[in-house]
Amino acid sequence: MEWGSCKSHVFTTISRMRSGVRLLLSAFLFVISVLLSTNNSWADEGGVSFWLPGIYGSLAAVPGQPGFSFITFNYYDSVRAGADVARAREIQIGRFDPTLTLNLNANLKATIDLQWLQPGYTFATPVLGGQAYVGLGAFFGRNRTSLDGTLTASVPPFNFVRSDSISDSVTGWGDLYPQANIKWNKGVNNFMVYLTGDIPVGAYDSARLANLGIGHGAIDAGVGYTYFDQKAGHEFSAVTGLTYNLPNQSTNYQNGVDWHLDWAASQFLSKQFSVGVVGYVYKEIGCDSGSGDRVGCFQSQVAAIGPQLTFLFPVGTWQGYLNVKAYKEFAAEHRPDGWNAWLTFVISPAAPSEAQPTSRRMVTK
């Protein structure tokens, strides 16, 4: 390669990286402004929600090619929580009477390792002028949870002190998650509406500290947007929605309505490789209720941000998509927080008339 051509290529790459940095900084400032727009601090039952923050990422609203596809990701989560969540969990599993006057100094720790599996199908026939997709998600995994602390209960004129050290683990299948969406493309702009939910068939026991299922059904709907300029390599995606939780019949507890925002921004450095940043904001905007609610309007929130890398590659006549991302959580209230990492692989039909991987439509999460 001649020096003039090489220098031009270097300058072009640097220019794209600078544009990507500006895009990523704008995305970060946006999510911070959303998080700080209210001082309310809010949690679901035991600090556990139906929605898995971060499940949507880059290219989320870009339509896919018609045909079958398969999404799988490994999700590893390490979190901790303070006395508020620990107290709620102890009440939930029946460790003490919530009517007592008490003080709990405790911490909860949990590690979750799961493998998500989601076959799906994208229809060739347009639906409302867009491209429709249906799928069914499920996962197999392991949850290890421990709680350590000291409980002081007051029954005048006596005080009782008890040390708690509880550990629990479960390995098995989680709930089922039906998925449906419609996507539209208008040049560099892509739009999506989606509907999903929870069918509570996973490993769950209300008296157990660690679970894989959530013990109740849920319905979630929302919208998504992706800006994707293939020439400049700029990409930004955001998906937001609301969750309505059905009552947990085992505990007579109903979570309030949840709001969530997943977002991602990336810069393609080549036709196959991109770098970027990801994040999410999660808030419970409604109060918990039901006769089993013994902790009041126990609402939660959390936010997170982290890096991501994406690699696109052909797999015969199919399109391969590999993404690695990680999140560090912050601003958590009434909910365990920590960090989580994702390794996602998607295989979907490639566009038959296009040769470059980045210009092929794909199914992504």
Side-chain angles (χ1 to χ4, degrees), residues 42-56 71 73 75 77 85 88-89 91-94 110 112 114-120 133-141 143 145 170-182 193-224 239-262 280 282-295 297-302 334-336 365:
W42 299 296
D44 295 291
E45 184 176 15
V48 178
S49 63
F50 152 74
W51 186 258
L52 181 60
I55 195 167
Y56 279 107
I71 301 169
F73 63 79
Y75 172 81
D77 188 29
V85 176
R89 290 288 184 92
I91 291 175
Q92 179 183 343
I93 64 177
I112 300 171
L114 64 86
Q115 189 68 38
W116 181 276
L117 307 169
Q118 182 178 318
Y133 166 87
V134 294
L136 181 65
F139 68 85
F140 183 87
N143 180 355
T145 303
V170 59
T171 300
W173 290 94
D175 296 341
L176 294 177
Y177 303 89
Q179 315 271 340
N181 62 58
I182 304 176
V193 295
Y194 77 85
L195 179 67
T196 185
D198 182 286
I199 301 174
V201 296
Y204 175 81
D205 185 341
S206 60
R208 190 167 54 203
L209 191 62
N211 284 293
L212 293 172
I214 61 174
H216 64 84
I219 300 173
D220 189 286
V223 298
V239 178
T240 185
L242 296 171
T243 304
Y244 177 78
N245 296 283
L246 299 175
N248 185 330
Q249 301 299 328
S250 298
T251 60
N252 296 315
Y253 194 110
Q254 184 172 13
N255 294 340
V257 174
D258 302 323
W259 170 76
H260 50 80
L261 169 69
D262 293 348
Y280 55 75
Y282 171 89
K283 286 179 178 286
E284 185 181 0
I285 60 177
C287 279
D288 296 348
S289 61
S291 61
D293 178 12
R294 300 178 180 180
V295 293
C297 191
F298 193 62
Q299 300 174 302
S300 65
Q301 74 168 35
V302 72
H334 299 315
R335 180 184 173 97
K365 290 292 275 188

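- Between Trp173 and Phe140, the ring planes lie perpendicular to each other; the angle is over 60°, past the 30° to 60° tilted range.
- Here the closest non-hydrogen pair linking Pro53 and Tyr282 is CG-CB, 4.3 Å.
- Using cut-offs of 30° and 60° for the angle between ring planes, the Trp51 and Tyr56 rings count as parallel.
- Side chain of Gln118 to main chain of Ile71: no donor-acceptor pair is present (N/O by atom type, distance under 3.5 Å, no hydrogens or angles).
- The shortest non-hydrogen separation linking Leu176 to Pro178 is O-CD, 3.6 Å.
- Residues Asn255 and Phe50 have side chains not in contact (no heavy-atom distance under 4.5 Å, counting atoms from C-beta outward).
- Counting only distance, with no hydrogens or angles, the side chain of Asp262 and the backbone of Gly54 share a donor-acceptor pair below 3.5 Å.
- Listed here is the closest heavy atom pair of Pro200 and Gly215: CB-C, 4.3 Å.
- Using a 4.5 Å cut-off on side-chain heavy atoms (C-beta onward), Asp258 and Asp220 make no contact.
- Gln254 places a side-chain N or O within donor-acceptor distance of the main-chain N or O of Asn245, the cut-off being under 3.5 Å.
- Between the side chains of Asn143 and Thr145, at least one donor-acceptor pair of N or O atoms lies under 3.5 Å.
- Distance check, rounded to the nearest 0.5 Å: CG of Leu212 to OH of Tyr204 gives 12.5 Å.
- Between Phe139 and Leu114 the shortest heavy-atom distance is CD1-CB, 3.8 Å.
- Between Tyr177 and Leu136 the shortest side-chain heavy-atom distance does not fall below 4.5 Å.
- Between the side chain of Thr243 and the backbone N or O of Val257 there is no donor-acceptor pair closer than 3.5 Å.
- A donor-acceptor distance shorter than 3.5 angstrom exists from the side chain of Asp175 to the backbone of Ile214, with no hydrogens or angles considered.
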Practice item. Could you give me the CA-CA distance, side-chain angles and deciding distance for Ile55 and Tyr280, then say whether side chain to side chain contact (heavy atoms under 4.5 Å, CB included) is met? Key: CA-CA 9 Å; Ile55 195 167; Tyr280 55 75; over 6 Å; no
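- A distance of 10.5 Å separates CG of Leu246 from CG of Asn248, quoted to the nearest 0.5 Å.
- For Asn211 (side chain) and Gly213 (main-chain N/O), no donor-acceptor pair under 3.5 Å exists by modelled atom type.
- Between the CZ atom of Phe73 and the CD atom of Gln115 there is a distance of 8.5 Å, given to the nearest 0.5 Å.
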